[in-house]
J.: 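The structure follows.
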Amino acid sequence: MGDPALSEDSQQKPSKGWLGDRPGRSLLRIGAALFGTALAGTALAMVWPKPDPVGADVQSSNGSLTLAPLPEQAVMVLVVGLDADTINATSNQAAPEGTSNADSLMLVNIGSKQPVQVLQLPTELAVQLPGIEEMQALSTTWKYGGIALTSDVVSELIELPANKPDRYLILSRQSLRRFVEGLGDIEVTLNQTYKYEDKSQGYKVNLQAGLQTLNGAQAEQLARHKPKPNEDHQRRARQRLLLQGVHQQLAEIDAFTVVPELLNVFSNQVTTDISTTEMLSLMAAAISAPSPPVITELPLAPRAGQQRLRELKPDMSLPIWPAQN
């Protein structure tokens, strides 16, 4: 995170939703999260929405078999994409090299018979973290406090209801590759050719303009591509293409046969508090959604010069997400 931070004036006047006025709450929640680990099994059973006994199951492509019961209530999942190749890697082998950071952050809201809602959270957003004087990028919450701090910061930023998000899913670069390979490659349409190489990271991008079928390695290239430090917004736009491609592929596969095997492989590559049964339920809801995902991005104020960190758009009315149906 070696780029310039916010100017002195902007640090003195944080936008609504930053954590500077409630650092004590963050520390208490981190401690509570550690204590609660021992009770995780019981807690999960209590908070997970029960399946709807009369809800329709999602059908496979042959129209005769079902994947899983749909969830009775919408479930909000915090997705954390790490810049490390594996979950427990001691180094991210990225630039700048160090411990893992949250390279991508999203909230995903999945309910029955409604479009999946995705909120992209800008990792360059400036936040005030407990015990740290200078403003930090949202991406560093993982490094400083893991999923407990990351969830707390995100919840405060957009004023989520109590006990939201319901679940979390942490992916490494390797798990992204394995997911795409298990799904059967992803089709995207690129409006330009991307070529880039960083020998220090052993990282190279070579994607052509037009309709492309991406394998796991190419999907990672598209998701990570950011040739300049301040091009976070452009990278999120490319990640949206990937999300749309995943949705399209899910609609075309035989879900009954592909998805359980995919989750069996995928579950060994991620860290999550979502059980396999719950994951099948969420996948069923996503596949049977009446329309494509609605993907939005947390709005930011215009960048001031070449500063690295950003502020939320001023006078933003909270809460802004998820949209109520």
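Sequence positions, counted from 1, serve as the residue numbers for this chain.
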J.: List the steps, then state whether side-chain contact (heavy atoms from CB on, under 4.5 Å) holds for Leu280 with Val259.
T.: CA-CA 8 Å; Leu280 283 170; Val259 170; 3.9 Å; yes
J.: Using modelled atom types only, decide if a donor and an acceptor are shared between the side chain of Gln221 and the backbone of Asn206 within a distance under 3.5 Å.
T.: yes
J.: Which pairs pass ring-ring contact (aromatic ring centres under 6.0 Å, His included) with one or both residues in residues 157-188, sequence neighbours excluded?
T.: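 Every pair satisfying ring-ring contact (aromatic ring centres under 6.0 Å, His included) with a residue in residues 157-188: Phe179-Phe266.
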J.: Salt bridge check: are Lys164 and Asp166 linked by an N-O gap of less than 4.0 Å?
T.: yes
J.: If you take all heavy atoms of Ser151 and Pro165, which pair is closest and at what distance?
T.: OG-CD, 3.5 Å
J.: What I'd like to find out is whether the side chain of Thr140 reaches to under 4.5 Å of the side chain of Asn101, using heavy atoms alone.
T.: yes
J.: State the CD1-CG distance between Ile320 and Leu119, to the nearest 0.5 angstrom.
T.: 6.0 Å
J.: Side chain of Ser100, backbone of Asn92: donor and acceptor closer than 3.5 Å?
T.: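 No; judged by distance alone, with no hydrogens or angles, the pair does not exist.
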J.: Apply the test side-chain contact (heavy atoms from CB on, under 4.5 Å) to residues Asp152 and Thr141: give CA-CA distance (whole Å), side-chain angles for both, the deciding distance (0.1 Å), then the verdict.
T.: CA-CA 9 Å; Asp152 186 68; Thr141 55; over 6 Å; no
J.: Roughly how far, to the nearest 0.5 Å, is the CG atom of Asn230 from the NZ atom of Lys226?
T.: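 Rounded to the nearest 0.5 Å, the NZ-CG separation comes out at 8.0 Å.
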J.: Within the 4.5 Å heavy-atom criterion, are Pro71 and Ser112 side-chain neighbours or not?
T.: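 Yes - at least one pair of side-chain heavy atoms lies under 4.5 Å apart.
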J.: Is a side-chain donor or acceptor of Gln212 paired with a backbone partner of Thr189 at a separation under 3.5 angstrom?
T.: no
J.: Listing request: all salt bridge (charged side-chain N to carboxylate O under 4.0 Å, His left out) pairs with a residue in residues 281-304, at least two apart in sequence or in separate chains.
T.: Arg236-Glu297, Arg240-Glu297
J.: I'd like to know if the side chain of Arg167 reaches the main chain of Ser275, judged simply by a donor and an acceptor atom lying under 3.5 Å from each other, with no hydrogens or angles considered.
T.: no
J.: Taking the side chain as every heavy atom from C-beta outward, state whether Asp185 and Gln218 have any atom pair closer than 4.5 Å.
T.: no
J.: Show the nearest heavy-atom pair for residues Pro115 and Pro292, with the distance to one decimal.
T.: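 Closest approach of Pro115 to Pro292: CB-O, 3.7 Å.
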J.: Considering non-hydrogen atoms only, spot the tightest contact between Leu242 and Leu214 and give its length.
T.: CD1-CD1, 4.4 Å
J.: Could you tell me the separation between the CG atom of Leu121 and the CE atom of Met106, rounded to the nearest 0.5 Å?
T.: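 These two atoms lie 9.0 Å from each other.
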J.: Quick one: does Leu312's side chain get under 4.5 Å of Leu300's, heavy atoms only?
T.: yes
J.: Keeping the roles fixed (side chain from Thr193, backbone from Ala209), state whether a donor-acceptor pair exists under 3.5 Å.
T.: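 Side chain of Thr193 to backbone of Ala209: a pair is present.
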J.: Are Val294 and Leu105 connected, step by step, through hydrophobic side chains (Ile, Leu, Val, Met, Phe, Trp, Tyr) whose heavy atoms are closer than 4.5 Å?
T.: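 In one cluster with Val294: Leu105, no.
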J.: Has Gln136 got a side-chain atom pairing as donor or acceptor with Val127's backbone, closer than 3.5 angstrom?
T.: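 Answer holds: no.
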J.: Heavy atoms only: give me the nearest Ala285-Ile110 pair and the separation to one decimal.
T.: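 Closest approach of Ala285 to Ile110: CB-CG2, 3.7 Å.
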J.: Does the side chain of Trp321 come within less than 4.5 Å of Met76's, by heavy atoms?
T.: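 They are in side-chain contact.
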J.: Is there a path from Leu190 to Tyr196 through hydrophobic residues (I, L, V, M, F, W, Y) whose side chains come within less than 4.5 Å of each other?
T.: yes
J.: In terms of side-chain geometry, is the basic nitrogen of Asp83 or Lys143 positioned less than 4.0 Å from the acidic oxygen of its partner?
T.: no
J.: Rounded at 0.5 Å granularity, tell me how far CG in Leu107 sits from CG in Leu160.
T.: 6.0 Å
J.: What is the distance from atom OH of Tyr144 to atom CD1 of Ile132, rounded to the nearest 0.5 Å?
T.: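 It comes to 4.5 Å.
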J.: With a cut-off of 6.0 Å (strictly less than), are more than 12 heavy atoms of other residues, nucleotides or ligands near CG of Asn268?
T.: yes
J.: Check whether any side-chain heavy atom of Leu149 sits under 4.5 Å from a side-chain heavy atom of Pro130, and report yes or no.
T.: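 Result yes, sub-4.5 Å side-chain heavy-atom pair found.
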J.: Does Glu187 have any side chain to side chain contact (heavy atoms under 4.5 Å, CB included) partners at least two apart in sequence or in another chain, and if so, which?
T.: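 Scan of Glu187 (side chain to side chain contact (heavy atoms under 4.5 Å, CB included), adjacent residues dropped) gives Leu211, Thr213, Gln248.
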J.: Closest heavy-atom contact between Gln114 and Gln117?
T.: OE1-NE2, 4.4 Å
J.: For the residue pair Thr272 and Val77, establish whether any side-chain heavy-atom pair is separated by less than 4.5 Å.
T.: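 The answer is no, as the side chains (C-beta and beyond) never meet within the 4.5 Å cut-off.
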J.: So, do Arg310 and Pro122 sit near enough that their side-chain heavy atoms are less than 4.5 Å apart?
T.: no
J.: With hydrophobic residues grouped by side-chain heavy-atom distances under 4.5 Å, do Leu250 and Ile186 end up in a single group?
T.: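 Yes.
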J.: Between Leu138 and Leu157, does the side-chain contact (heavy atoms from CB on, under 4.5 Å) criterion hold? Intermediate values first, please.
T.: CA-CA 10 Å; Leu138 183 59; Leu157 277 173; 4.0 Å; yes
J.: Quick one: pull up CG in Leu263 and OG1 in Thr277 and give me the separation to the nearest 0.5 Å.
T.: 10.5 Å
J.: Tell me, with the steps shown, if Glu252 and Leu183 meet side-chain contact (heavy atoms from CB on, under 4.5 Å).
T.: CA-CA 10 Å; Glu252 294 176 355; Leu183 198 55; over 6 Å; no
J.: For Ala255 and Ile287, work out which heavy atoms get closest and say how close.
T.: CB-CD1, 3.7 Å
